[in-house]
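Being a predicted model, the structure only gives us computed values, none of them experimental. Hydrogens, waters and symmetry mates play no part in the numbers below; they use all other heavy atoms, side chains included.
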Amino acid sequence: MKAVGLQAKKPVWSSIHDDASLRMSTPFLAFLSLVYRGGIYLRLKAYRRKLIREQALPGFVISVGNLTAGGTGKTPAVITLAKWAVGQGYRTAILSRGYGGRKQKRPLAVSDGSSILEDASVTGDEPYLMAGAVPGVPVVVFKNRYRAGLCAKKWFGTDIFLLDDGYQHLHLERDLNIALVDANNPFGNGHLLPWGPLREPIGELKRADAVVLTRYKQGDAAGGTEAFLTKRFPKMPLFQANHRPKEVIFTNASEPRPPEFLRFKRVAAFAGIAHPEVFKKTLENLGAEVVAFREFSDHHPYTSGDIRSLIQMKRDAGASFLLTTEKDWVRISDISPAGLDLAYLIIEFAFSTNGERFFQMIRDGLEKR
């Protein structure tokens, strides 16, 4: 049976950002991109000339971010770093902007390291997900990550601050600046927002202390990205990592299933992430028969109507169950009807070959400080 495809309710910008061809909207988007470039130039110049001062937290700051508008897997990477840091005995906290949550007037503790204190509608999906994924690591959200960090220090005695999505947060000094780059689709069509996915020009990767190529698999695309970065930034440490399926969680069952469980299963899947097609491809690579798939925009605020339409999509396609991402489940858990036959896939971040060298880089930085 041919897979059923339902269109998202909002524009899927990933398709525009990956398209290098000319459209009717291209002149308008190019103009906006030019204006955006001017703003970025002035902002970077102000920081470099110290017209705007950076602020330093009382601890070791590791920033994890990227040049593009989503899609590099920052959340699993931050979770992996947090698990490593707390495993080494460091009092660690994650600082996040809390995108998608309610606007806060002051820093908010999503978790204290042992209990989750707020729900996803308040905190945003990613901070809530991180709070549940890393026991022992508090998560604090606020637009001003310096103030969030000071609160984390006061409340939890934090030694290591993990700055989630912090590459563009120039207001805060960092000891290690980590840039994630999708090995297979590094810069989309190469243009700045909104014409392309770039938040900053590619040359600004020079600010990074290291680049991690995510979703890295041997092949022409990944090899080409690695060769480009090696030539453009010859002194930049490069690392390879992948986002691999860890387990399938059914919301009405107590035991997780291995990813192999999806093999030959007829599933109706949906995703509201930066690149929904990557999730669909992951399911297909696991051997699932994706008989229906619906894309939503990143951080889509799901409604009860959305859930009803997804249930109908599953029925129409004759699927065994609904399947989504962990981040999407966070956003629909409060509105999903009891007994809904739905599962979500947990993805973990893991270095491919040189992970120990990456963590040694962090140890060296801690020793120097």
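Note on R363 versus E356: salt bridge recorded, some NZ/NE/NH1/NH2 to OD/OE distance being below 4.0 Å. Salt-bridge check for E247 with R257: failed, with every basic side-chain N at 4.0 Å or more from each acidic carboxylate O. Checked for salt-bridge contact, E289 and K265 miss the test: no charged N lies under 4.0 Å from a carboxylate O. Using a cutoff of 4.0 Å between basic side-chain nitrogens and carboxylate oxygens, E260 and R263 are not scored as salt-bridged. A salt bridge does not link K368 with D364: none of the charged nitrogens is closer than 4.0 Å to a carboxylate oxygen. In summary, K280 and E284 engage in a salt bridge, as defined by a charged side-chain N under 4.0 Å from a carboxylate O.
No hydrogens or angles considered: nothing links the side chains of T123 and E118 as a donor-acceptor pair under 3.5 Å. At a cut-off of 3.5 Å, with distance as the only test, a side-chain donor of S309 or R294 sits close to an acceptor on the other residue. Side-chain atoms of D18 and N189 include no donor-acceptor pair closer than 3.5 Å. The closest side-chain donor-acceptor pair between T282 and N285, if any, does not fall under 3.5 angstrom. For the residue pair H275/D298, the side-chain donor-acceptor check at 3.5 Å is not satisfied. Inspection of the H171 and E54 side chains reveals no N or O donor paired with an N or O acceptor under 3.5 Å.
In the displayed structure, R369 atom CZ is contacted under 6.0 Å by more than 12 heavy atoms of other residues, nucleotides or ligands.
Counting heavy atoms from C-beta on, the side chains of N242 and T214 never come closer than 4.5 Å. Between L44 and E200 there is a side-chain heavy-atom pair separated by less than 4.5 Å.
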message: Using ring-ring contact (aromatic ring centres under 6.0 Å, His included), reason through F270 and F279 one step at a time and then give a plain yes or no.
response: CA-CA 9 Å; F270 64 97; F279 177 61; 8.3 Å; no

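The backbone N or O of F349 sits less than 3.5 Å from a side-chain atom of T80, completing a donor-acceptor pair. T230 places a side-chain N or O within 3.5 Å of a backbone atom of E226 that can act as its donor or acceptor partner. Listed for the R266 side chain is a donor-acceptor partner under 3.5 Å among the backbone atoms of G318. Looking at N184, its side chain does come within 3.5 Å of a backbone N or O of R215 through a donor-acceptor pair.
Geometrically, K45 does not engage Y41 in a cation-pi contact defined by less than 6.0 Å to the ring centre and at most 45° from the axis.
Remark: of the listed residues H300, R331, K327, R331 is the sole one forming a side-chain hydrogen bond (donor to acceptor under 3.5 Å, both in side chains) with D125.
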